[in-house]
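The block underneath contains the structure these notes are about, expressed in structure tokens.
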Amino acid sequence: MILHEIETAGRDQMESLQLERLRKTASLVYHSVPFYRDHFEARDIHPDDIRSLEDLKMLPLTTKKDLRDHYPFGMFAVGQEELVRVHASSGTSGKPTVVGYTQKDIDMWGDIVARAIAMAGGRPGSVLHNAYGYGLFTGGLGLHYGSEKLGMITVPVSGGNMDRQITLIEDFKPTVICGTPSYVLNLAETIESQGKDPARLSLQVGIFGAEPWSDKMRETLEGILDIKACDIYGLSEVIGPGVAMECPEAQDGLHIAEDHFLVEVINPDTLEPVADGEAGELVFTSLTKEAFPIIRYRTGDIASIQRGSCPCGRTTVKMSRVKGRVDDMLIIRGVNVFPSEMEHHLFELKELAPHYQLHLKKKGALDTVELHVEVSPEYYAGLSGNIGHEKVGELITKVKRVMKNGCLVSMDIRVRAPKEIPRSEGKAIRIVDLREEAVLP
Ligand code: DLL
């Protein structure tokens, strides 16, 4: 096990480091980013007034809208001559969110991702197959630089071209694979469809993130590939992947790189802090970034945090798996539910393949949700390839019952034949919103 000293620091040591860095960051944004300076001045405070970590709460929360309003470079704290990279996240509407990095930011990011890969079990000299997309998305380059920094032989495959991915895995014999869980599942199934057993490949560890996934999805991936699958979390606004990483020893929560990012959890409606262990919206403040420091950023991600010791020996605060995004939460007949919770229950059914989509539709004035599930090839064979077979009625009743018991929701179910649900090419599309179309004449 590779443990970095700071990952096992005592609380006092960690918090005094955080405070020192927070004060530096506050001073940087006050002097260099008009948006933040206005916040200080409106509250009649000065960076020197920040004397404890709690004092951070004197400052307001920052939202995605604030970043969009300052598109493209208005939130940067350094001049263009100091920037060496930008990334952007696409977002569903309007302009993308642009983030920038100095060389020091890139080095720091590489360090934390190297730490994350080492935590999962990556080792210098062995091969890492990186199937996260390269480009404006932070996944590809984020894992790439971390892997190189750790001294791993980095294969920058990016997404797409399944056949090439499979050849490279067979020939280069990576021990670590990185990608979104839905894409790697797609890859594993493609390998199976070629009559090969993905469990016999050289892979030992999967570093999966960039989208919500359930413990059942973990079981599926670990089983099909015979690997240990660990969750990696991050977002471009905070840095990219590496904000938090799950250790294989516990597989129970992700260690936050607390020496670089300060976490809070708030109730997304009242904006008040919630207690440890309670789910709420994650809020992050960067402590060491130069180009794009961020103060109290509302991530939109729902999770809880826990403090205390971990079997791996690390003392850093852990966040739970992300349940989903505030804006992906569905309210079905008054019950709140996230797609990843449905996934957890759906994947228990042997008749189904691990693929699903939720279609939001309009029936008159009412919003309705249809859950599309796909039967496994074995079950399909038992239907003699006829999706209209009477046995499907029993399956629908069963799926309805599982959703009702597991998530307390009743919804319409549509059963699809194998491969009918589109496969992931990156972040999986779990929710398809057809409501706009429905209201068109
Ligand atoms: O997805 C960064 C990343 C790349 C993380 C590779 C992990 C691996 P964005 O494109 O800015 O950055 O999207 C960030 O993705 O706010 C979450 O909603 C979601 N997300 C990221 N990691 C996880 C995860 C990258 N492990 C948004 N579990 C975040 C659940 C995740 N959701």
Side-chain angles (χ1 to χ4, degrees), residues 62-64 67-68 86-92 96-101 109 112-113 116-117 119-120 128 130-147 156 158-159 176-184 206-215 217-218 221 229-247 251-257 261 263 265 268 279 281-284 286 292 294 297-304 318-329 338-341 343-344 424 426-431:
T62 305
T63 63
K64 198 167 191 98
L67 308 188
R68 288 222 174 97
V86 292
H87 279 283
S89 67
S90 50
T92 44
T97 313
V98 180
V99 297
Y101 304 78
W109 187 17
I112 62 165
V113 176
I117 299 172
M119 190 187 303
L128 180 143
N130 189 9
Y132 282 113
Y134 280 64
L136 285 173
F137 172 53
T138 50
L141 286 169
L143 266 296
H144 182 100
Y145 275 61
S147 170
S158 194
V176 180
I177 184 161
C178 305
T180 60
S182 57
Y183 182 70
V184 175
I207 298 182
F208 302 141
E211 64 186 8
W213 54 304
S214 64
D215 272 332
M217 175 71 132
R218 186 210 300 279
L221 284 163
C230 295
D231 196 355
I232 184 164
Y233 170 80
L235 61 165
S236 27
E237 297 90 325
V238 174
I239 189 98
V243 174
M245 179 74 213
E246 186 178 55
C247 63
Q251 286 188 314
D252 175 28
L254 293 78
H255 291 273
I256 295 174
F261 311 105
V263 66
V265 188
E281 181 177 351
L282 296 174
V283 169
F284 283 102
S286 70
F292 187 80
I294 190 118
Y297 183 66
R298 288 187 66 175
T299 61
D301 294 325
I302 300 291
S304 57
K318 290 204 284 188
M319 57 179 261
S320 68
R321 247 175 202 303
V322 172
K323 273 170 73 168
R325 295 190 51 76
V326 179
D327 32 16
D328 278 352
M329 188 178 75
F338 288 104
S340 62
E341 283 170 305
E343 172 180 302
H344 184 82
S424 164
K427 295 195 190 220
I429 298 168
R430 302 293 190 202
I431 300 182

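Position 1 is the first residue of the sequence, and the numbers go up from there. Being a predicted model, the structure only gives us computed values, none of them experimental. Every number for a ligand or one of its atoms is a count from 1 in the order of the listing.
The shortest contact between atom 11 (O) of ligand 1 and any protein heavy atom is with S236 OG, 2.6 Å. Summary of contacts: the protein heavy atom closest to atom 20 (N) of ligand 1 is A210 C, 3.5 Å. For atom 28 (N) of ligand 1, the nearest protein heavy atom (residue, atom name, distance) is E211 O, 3.2 Å. Of all protein heavy atoms, the one closest to atom 25 (C) of ligand 1 is G234 O, 3.6 Å. Taking atom 15 (O) of ligand 1 as the reference point, the nearest protein heavy-atom neighbour is K427 NZ, 3.2 Å.
Only one option out of T299, I256, V238 pairs with Y233 in a side chain to side chain contact (heavy atoms under 4.5 Å, CB included); it is T299.
The shortest N/O to N/O separation between I232 and ligand 1 falls below 3.5 Å. Backbone and side-chain nitrogen or oxygen atoms of W213 are examined, and none is located within less than 3.5 angstrom of a nitrogen or oxygen of ligand 1.
No side-chain donor-acceptor contact under 3.5 Å links T180 to the backbone of G209.
Residue D301 has at least one heavy-atom neighbour below 4.0 Å for each of these atoms of ligand 1: 16 (O), 17 (C), 18 (O), 29 (C). Below 4.0 Å from some heavy atom of R325 lie the following atoms of ligand 1, by number and element: 16 (O), 18 (O). Short contacts between ligand 1 and G209, defined as distances under 4.0 Å to a heavy atom of the residue, involve ligand atoms 7 (C), 8 (C), 26 (N).
Taking the six-membered ring for Trp and the full ring otherwise, H344 and W213 have centroids separated by 6.0 Å or more. Aromatic ring centres of F137 and H87 lie farther apart than the 6.0 Å criterion allows.
Residues satisfying the side chain to side chain contact (heavy atoms under 4.5 Å, CB included) criterion with S147, sequence neighbours excluded, are I117, L128, M152, T154. Partners of R298 according to the salt bridge (Lys or Arg N to Asp or Glu O under 4.0 Å) rule, which considers only residues two or more places apart in sequence or in another chain, are E281.
Atom OH of Y145 has 12 or fewer heavy atoms from other residues, nucleotides or ligands within 6.0 Å.
Ligand 1 has no atom lying under 4.0 Å from any heavy atom of G142.
Among G300, P241, G179, P181, the residue whose heavy atom lies closest to atom 3 (C) of ligand 1 is P241.
Contact check on R430 versus E343 returns a salt bridge, with a Lys/Arg side-chain nitrogen under 4.0 Å from an Asp/Glu carboxylate oxygen.
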